[in-house]
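Source: prediction; values computed, not measured. Chain naming here is simple, since letters A, B, ... match the order of the sequence lines and numbering starts at 1 in each.
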Number of protein chains: 2
Amino acid sequence: MTAFPAPRVTIKDVAARAGVSKGAVSLAFNHKPGLSEATRDRIFAAARELGWEPNLTARSLSSSRVDVVGLAICRPARMLGLEPFYMEFVSGVESVLTEHSCSLLLRLVRTVDEEVGIQESWWRGRQIGGSILVDFRADDPRVPAVERLGMPVVAVGHPSLTGSLTSVWTDDATAVKEAVRYLAALGHRRIARVGGAAALGHTMIRTAAFDEAARSLGLAGARQVATDYSGEAGARATRSMLTAAPPDRPTAIVYDNDIMAVAGLSVAAEMGLSVPRDVSLLAWDDSQLCRLTHPTLSAMSHDVHGFGAEAARTLFGLITGEGPGTHQVPTPVLTPRASTAPPDV
Amino acid sequence: MTAFPAPRVTIKDVAARAGVSKGAVSLAFNHKPGLSEATRDRIFAAARELGWEPNLTARSLSSSRVDVVGLAICRPARMLGLEPFYMEFVSGVESVLTEHSCSLLLRLVRTVDEEVGIQESWWRGRQIGGSILVDFRADDPRVPAVERLGMPVVAVGHPSLTGSLTSVWTDDATAVKEAVRYLAALGHRRIARVGGAAALGHTMIRTAAFDEAARSLGLAGARQVATDYSGEAGARATRSMLTAAPPDRPTAIVYDNDIMAVAGLSVAAEMGLSVPRDVSLLAWDDSQLCRLTHPTLSAMSHDVHGFGAEAARTLFGLITGEGPGTHQVPTPVLTPRASTAPPDV
DNA sequence: AGCGCTTTCTCAACCGGTAAAGTCCCCATC
DNA sequence: GATGGGGACTTTACCGGTTGAGAAAGCGCT
């Protein structure tokens, strides 16, 4: 990719115009002491007149700072488009990056291994100053890889999955238990859960928590399945659950995201079941979507934007020398709407 | 943002290990002639052993190539999360970038003016080799700005909006007319349209096309409103349209995206109206969402992934010296599903 | 043996900044 | 009146690559 034939202005031009050395220009633009107000002003004026901004490439070469952070997301494109989660997460990340005039390098990948390669390239090629890692799985290959590289990263996931990496996480287990307890308190005994991708760590955590909650509440009819997070999979899972003979049919279903819950809602409608009379549905992540359906979807709400922001903040802390640690963001809370009610006995 | 205290290996180390000069290493890694097979192999072996990859920062400094393209998206974060369009678009862009080992610099902005600033900074700071511009409006300030900068960009939008910039566009006007003709052919006379943000160029184009189609078909009851693309706005618009007295009430509604169509569907349900018997609904962009509702939503389908890919391809063409031009991608086509039917007279 | 031509590498300048060390000048101090 | 200490800049050496101008070596040919 070659540059356009545009006469680009450099620090030298600015220095010449302001009648100073380029060192002085550098000092001025980095707000370092050692320049008089007058000179500083002259330099800024010259820069403004010439439309100059420091070449970040050159800057990071000599100062070995890189004002870019990486984020690779690994999900099939088809699914990504739909999951409100990521865009909201990204927007949270950006909100913090912007304050530090830092940019986000985004990459969609197909596999974790591909991501490992990307992250290595980015880091070795000095393209990024650090990275945010999402979607951890058991024995995630990214953990040893980034440890080996000595690359600053914040891992978005439960500390049990992220090894020694600094992590930002939300207490999914507690949230799942709250969801189950809520449905049980409404009177539901046969509660089902349509989970996300089985390989993902937080799915495993939620699955375990669901089992535990069901056991501790003595819910014999609890069951759960893993999907791929897609609406189709959610619809399929719901259909399969709701076609069971009534004594086995769940009276409440918890979904791992909102897309699947929406799909579940329409499967219920298609089967002539009324929500919440015949079956209660509870979504996860609570994007705008949950308020757009009829009935509106009860959900475990989660400040995804804030989650992203916290991840970015933590990354900055790490890069500027704070030690590693784990940062917990608020646990998703139940937001009851119209899709949950006591079972119709 | 300072680098970690990691002993990073440079081209010099590789050269030393392979017993050659750094110029030789550079030749090898850029696949340029002038090296024997044997040396080339030795160099690659040394690089592999040391885990070296060329520092892209240094490379772009000396070669003035930048393997990064920019994309700034201007929509309130709240809305972004939901619109499947962007993530799908981005994934299309990425699919092409990846082939060129190029990365995407993403930024979410609040206003066009902010975007102008970002793009200027990116370009002047040599952060990007070019940019993809989306969401054009009338007299868009980005057009003169990037022309002045001489920055390679591809504008995603109708040529009438993008001035002299190379553009990639889809024929929304024809698609709108097809939608209206289809509904009219079903027998609808009172057709409404819930449009997107009025300030956006493609909304204006669709609005004009809708008017023209209605006039040419002699549909007296056609009407349309502009919204902000959000589900809430879609719900509000639908509610206001459907509460009109029956002789004025539209029997079919076209939406500018799928989120609003989903919202419209639930408003109909909430009002006790049956879709498509009492009212037909037609969505736009046709993401997975349209197949998840009950009834499923008829939609104007659009290969958004391919749209993004074409934009990226065009940008590469531009950067590598192809002249400007306009590239049209396929017009959205009608995909009838269960939400449209003849009106119930 | 001498000449020209390749092929294969090396060398050194340069890209546009940063940063540490150095220069100058002015002013206070003993 | 010499000394010292800052402030305000300038100089210069990098950062880690690329690039074009040589240089050394090998080879065919007269």
Side-chain angles (χ1 to χ4, degrees), chain A residues 1-43 46-47 50-67 121 123-127 129, chain B residues 1-43 46-47 50-67 121 123-127 129:
Chain A
M1 190 188 292
T2 348
F4 255 32
R8 290 181 160 203
V9 21
T10 77
I11 197 173
K12 217 182 295 179
D13 305 315
V14 176
R17 174 157 197 137
V20 296
S21 70
K22 53 183 200 147
V25 178
S26 175
L27 289 181
F29 266 76
N30 290 294
H31 302 104
K32 296 202 175 170
L35 289 183
S36 68
E37 264 324 296
T39 316
R40 216 172 274 276
D41 291 348
R42 245 191 0 222
I43 292 174
L50 295 172
W52 179 77
E53 292 194 35
N55 179 332
L56 293 202
T57 302
R59 171 180 292 180
S60 28
L61 182 55
S62 60
S63 66
S64 54
R65 313 171 351 159
V66 187
D67 292 318
S121 274
W123 177 244
R124 293 197 172 138
R126 308 291 203 290
Q127 296 230 80
Chain B
M1 193 188 291
T2 348
F4 253 34
R8 290 182 160 200
V9 21
T10 76
I11 197 172
K12 219 183 292 178
D13 305 313
V14 177
R17 173 156 199 137
V20 296
S21 70
K22 50 182 202 146
V25 178
S26 175
L27 289 180
F29 266 77
N30 290 296
H31 302 104
K32 296 203 173 168
L35 288 184
S36 68
E37 264 324 298
T39 317
R40 215 172 274 274
D41 291 348
R42 228 155 11 102
I43 291 173
L50 295 173
W52 180 76
E53 293 194 35
N55 180 332
L56 294 200
T57 300
R59 173 178 291 181
S60 29
L61 183 56
S62 58
S63 66
S64 53
R65 314 171 351 161
V66 187
D67 292 317
S121 274
W123 176 245
R124 293 196 172 140
R126 308 292 202 285
Q127 296 230 77

Keeping [X] on the side-chain end and [Y] on the backbone end, is there a donor-acceptor pair under 3.5 Å?
X        : Y        : value
Ser26(A) : Lys22(A) : no
Asp13(B) : Thr10(B) : yes
Asn55(B) : Thr57(B) : yes

(request) Could you pick out which residue, Ile11(B) or Thr39(A), lies toward the 5' side of DNA chain D when each is mapped onto its nearest nucleotide? (result)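 Looking at the nearest nucleotide for each, Thr39(A) comes out on the 5' side.
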
(request) May I ask you to verify if any side-chain N or O of Ser60(B) is less than 4.0 angstrom from the OP1 or OP2 atom of dG17(D)? (result) no

Might you point out which heavy atoms bring [X] and [Y] nearest each other, and give the distance in Å?
X         : Y         : result
Ser121(B) : Glu53(A)  : OG-OE1, 3.0 Å
Arg40(A)  : His31(A)  : NH1-CA, 4.1 Å
Gly129(A) : Trp123(A) : O-CZ3, 3.7 Å
Val9(A)   : Trp52(A)  : O-CD1, 3.1 Å

(message) Please enumerate all residues that pass salt bridge (Lys or Arg N to Asp or Glu O under 4.0 Å) together with Arg17(A), with sequence neighbours excluded.
(response)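 With neighbours one apart ignored, the set is Glu49(A).
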
(request) Report the distance from atom OG of Ser60(B) to atom CD of Gln127(B), rounding to the nearest 0.5 Å. (result) 10.0 Å

Atom-to-atom span, [atom1] of [X] to [atom2] of [N] - whole angstrom:
X        : N       : atom1 : atom2 : answer
Arg40(A) : dG7(D)  : CZ    : C1'   : 12 Å
Arg59(A) : dC14(D) : CZ    : C1'   : 17 Å
Leu35(A) : dC9(D)  : CG    : P     : 6 Å
Lys12(A) : dT10(D) : NZ    : P     : 15 Å
Asp13(B) : dG17(D) : CG    : C1'   : 13 Å
Leu61(B) : dC15(D) : CG    : P     : 14 Å

(request) Please collect all ring-ring contact (aromatic ring centres under 6.0 Å, His included) contacts where either partner lies in residues 9-28 of chain A, sequence neighbours excluded, each pair once. (result) none

All N/O pairs under 3.5 Å across the protein-nucleotides 19-23 of chain D interface:
from, atom 1, to, atom 2, distance (Å)
dT19(D), OP2, Lys32(B), NZ, 2.6

(request) Name all residues meeting the side chain to side chain contact (heavy atoms under 4.5 Å, CB included) criterion together with Ser21(B); count only those two or more places apart in sequence or in a different chain, and write none if there are none. (result)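 Listed in chain order: Ala24(B).
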
(request) Answer with base, sugar-phosphate or nothing: what part of the nucleic acid does Val25(A) contact at a heavy-atom distance below 4.0 Å? (result)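 Answer is nothing: Val25(A) stays at 4.0 Å or more from every strand.
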
(request) Answer with base, sugar-phosphate or nothing: what part of the nucleic acid does Ser21(A) contact at a heavy-atom distance below 4.0 Å? (result)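 Base contact.
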
(request) Specify the residue among Arg42(B) and Thr57(A) whose closest nucleotide of DNA chain C lies further upstream toward the 5′ end. (result)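 Looking at DNA chain C, the more 5' nearest nucleotide goes with Arg42(B).
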
(message) Please report the end-to-end axis angle for the helix from dA1(C)-dT30(D) to dC30(C)-dG1(D), five pairs per end, rounded to 10 degrees.
(response) 60°

(message) Using a 4.0 Å cut-off to any heavy atom of chain A, which nucleotides of DNA chain C are the first and last in contact, reading 5' to 3'?
(response)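 Footprint of chain A along DNA chain C, 5' to 3': dG16(C) to dA19(C).
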
